[in-house]
Amino acid sequence: MKNKKNKKYCLGIESTAHTFGAAVVEFTEQPDEESGGKYRGIGNARILSNVRDAFSTEEGGMIPAEVADHHVRVCKDVVKRAVEEAGIKPEDINLISYSRAPGIGHTLRIGAMAARSLAIALKPEMGLVGVNHCIAHLEIGRLLTDSTDPVLLYASGANTQIIAYEGGKYRIFGETLDIGIGNFLDQFARELGLGFPGGPKVAELAEKGRRYIELPYVVKGMDLSFGGILTYVKKIINSDDFRSGRITKEDLCFSVQETVFAMLTEVSERAMAHCGKKELLLGGGVACNTRLQEMCKIMAEERNAKAFFVPNQFNIDNAAMIAWQGVLQREQTISPEEADIDPYERTDDVKVFWRI
Ligand code: ATP
Ligand code: FE2
């Protein structure tokens, strides 16, 4: 009974882009020495629910105002389900966490508004925390795997970064110079008429591809670029070779995956060598890709290191990671009036104080 009383609950709200999510994480406050070794003063963290509703289209991409309308439509139901599935009552919630950065301004605002409204409605002393979505992708991986100090390959829609902890911050060792890998895959898929999100559809076709078509490979130092490759594949899609079937959709998808995933694996390997780290953690929606996972696993094993993956529901945008990040930053609560958003905050702008 005493134990139950010590339990606390954080409700997380995610709304940086296509997904509106709500989730509940249970935790207890513990002395550092009893907390399991990775975080300051927290023990027994459990994800009790992780509900999401993602905007999708059969054809074409996403328009920010339409996605924001989607979030407004679904937010009440998603939050209600997250609380019900967690088996708690709304008044049991001690903390509300929302993604304040980075992302699409239109959609971030809906999440911040939902968090503020809930905080005001539930109790006057409710703690409210705004967190960085990219860092949340990383920390959920540390929570759910045995990795303690990994290099993170963060491969999502809008972001592609190779990150590692050094000197109190998550530093970016390499990143895309233009679009994120997921957006690249989505735009490529759109050219092929495959709809949104495109990554999983490209992956399905790639499995049937056999022939490698030479594509540009663009790694500049530790950074990557996908814009030129996109222009190049668009040209192929509009060529006679493609129209006549000499180059098939399947072969093109296969070649695109082999090329861009090799680029990601190469830069991750160099970051691991540079930092002397023995763990690679994958995060972000594109980390669901089994071919990317396979390449990273082989690379890690070849250098006596280990690659870690989390279940897909925690790779794609999800609120469980926002709730967990809120728990880690629970001493940084703000009032509803201060609950702002920042579409452009970078991973290395945030001071990391919760690691042991
Ligand atoms: P960000 O973290 O940058 O805000 P995001 O909001 O776009 O990213 P995520 O859910 O992290 O969202 O990633 C979505 C991306 O993941 C989309 O571009 C989608 O095509 C891609 N994706 C999802 N599953 C796969 C897969 N199996 N293979 C490749 N890409 C995938
Ligand atoms: Fe994301």
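Both ligands and their constituent atoms are indexed starting at 1 by order of listing. No hydrogens, no waters, no symmetry mates; every other heavy atom, side chains included, goes into these values.
Regarding atom 4 (O) of ligand 1, its nearest protein heavy-atom neighbour is His133 NE2, 3.5 Å. Given atom 15 (C) of ligand 1, the protein heavy atom at minimum distance is Gly157 N, 3.8 Å. Asn289 ND2, 3.0 Å is the protein heavy atom nearest to atom 28 (N) of ligand 1. Gly285 O, 3.4 Å is the protein heavy atom nearest to atom 23 (C) of ligand 1. The closest protein non-hydrogen atom to atom 30 (N) of ligand 1 is Gly199 CA, 3.4 Å. Counting only heavy atoms of the protein, atom 18 (O) of ligand 1 lies nearest to Asp186 OD2, 2.7 Å. From the protein, the heavy atom lying nearest to atom 2 (O) of ligand 1 is Tyr154 OH, 2.6 Å.
The part of Ala17 lying near ligand 1 is the side chain, judged by heavy-atom distances below 4.0 Å.
Between atom 21 (C) of ligand 1 and the options Ile104, Asn183, Val286, Val260, the minimum heavy-atom separation is to Val286. Among Asn318, Ile181, Asp317, the residue whose heavy atom sits closest to atom 9 (P) of ligand 1 is Asp317. Checking Cys134, Ser156, Ala155 against atom 3 (O) of ligand 1, the nearest heavy atom belongs to Ser156.
Side-chain polar atoms of His133 and Asp317 form a donor-acceptor pair below 3.5 angstrom. No donor-acceptor contact under 3.5 angstrom links the side chains of Thr28 and Asn6, judged on distance only. If you check the side chains of Thr290 and Gln293, you find no donor sitting under 3.5 Å from an acceptor. Side chains of Glu331 and Trp354: a donor-acceptor N/O pair is absent below 3.5 angstrom, by distance only. Thr347 and Gln161 share a donor-acceptor pair across their side chains, judged by distance under 3.5 Å alone. Looking only at atom types and distance, the side chain of Tyr170 has no donor-acceptor partner in the side chain of Arg346 under 3.5 Å away. A donor atom on one side chain and an acceptor atom on the other are found under 3.5 Å apart for Gln325 and Gln329. Looking only at atom types and distance, the side chain of Ser99 has a donor-acceptor partner in the side chain of Glu14 under 3.5 Å away.
The shortest separation from a heavy atom of Gly103 to ligand 1 is not under 4.0 Å, leaving the residue out of contact. The closest approach between a heavy atom of Gly180 and any atom of ligand 1 is not below 4.0 Å. Proximity of His18 to ligand 1 is established by a heavy-atom distance of less than 4.0 Å.
With a 4.5 Å cut-off on side-chain heavy atoms, Glu302 and Ile298 count as touching. Side-chain contact between Asn289 and Gln257 is present, with heavy atoms from C-beta onward closer than 4.5 Å. Using a 4.5 Å cut-off on side-chain heavy atoms (C-beta onward), Leu328 and Arg40 make no contact.
Between Ala158 and ligand 1, at least one pair of N/O atoms sits closer than 3.5 Å. Polar contact with ligand 1: present for Gly182 (N/O pair, distance under 3.5 Å).
Every atom of ligand 1 is numbered from 1 in the order shown, and the set under 4.0 Å from a heavy atom of His137 is 2 (O), 11 (O). Remark: ligand 1 atoms within the under-4.0 Å shell around heavy atoms of Ile316 are 10 (O). Within ligand 1, counting atoms from 1 as listed, the ones closer than 4.0 Å to a heavy atom of Gly198 are 20 (O). Proximity to Pro197 (heavy-atom distance under 4.0 Å) selects the following atoms of ligand 1: 19 (C), 20 (O).
Both tests hold for Arg355 against Tyr165: distance to the six-membered ring centre under 6.0 Å, angle to the ring axis within 45°.
One N or O on the side chain of Thr145 and one on the backbone of Ser147 form a donor-acceptor pair closer than 3.5 Å.
Aromatic rings from Tyr154 and His137 are positioned such that their centres are separated by under 6.0 Å. Taking the centre of each ring, His274 and Phe173 come in below the 6.0 Å mark. Ring-centre distance between Trp324 and Phe314: not below the 6.0 Å cut-off.
Around the Fe ion (ligand 2), the protein N, O or S atoms found under 2.8 Å comprise His133 NE2, His137 NE2, Asp317 OD1.
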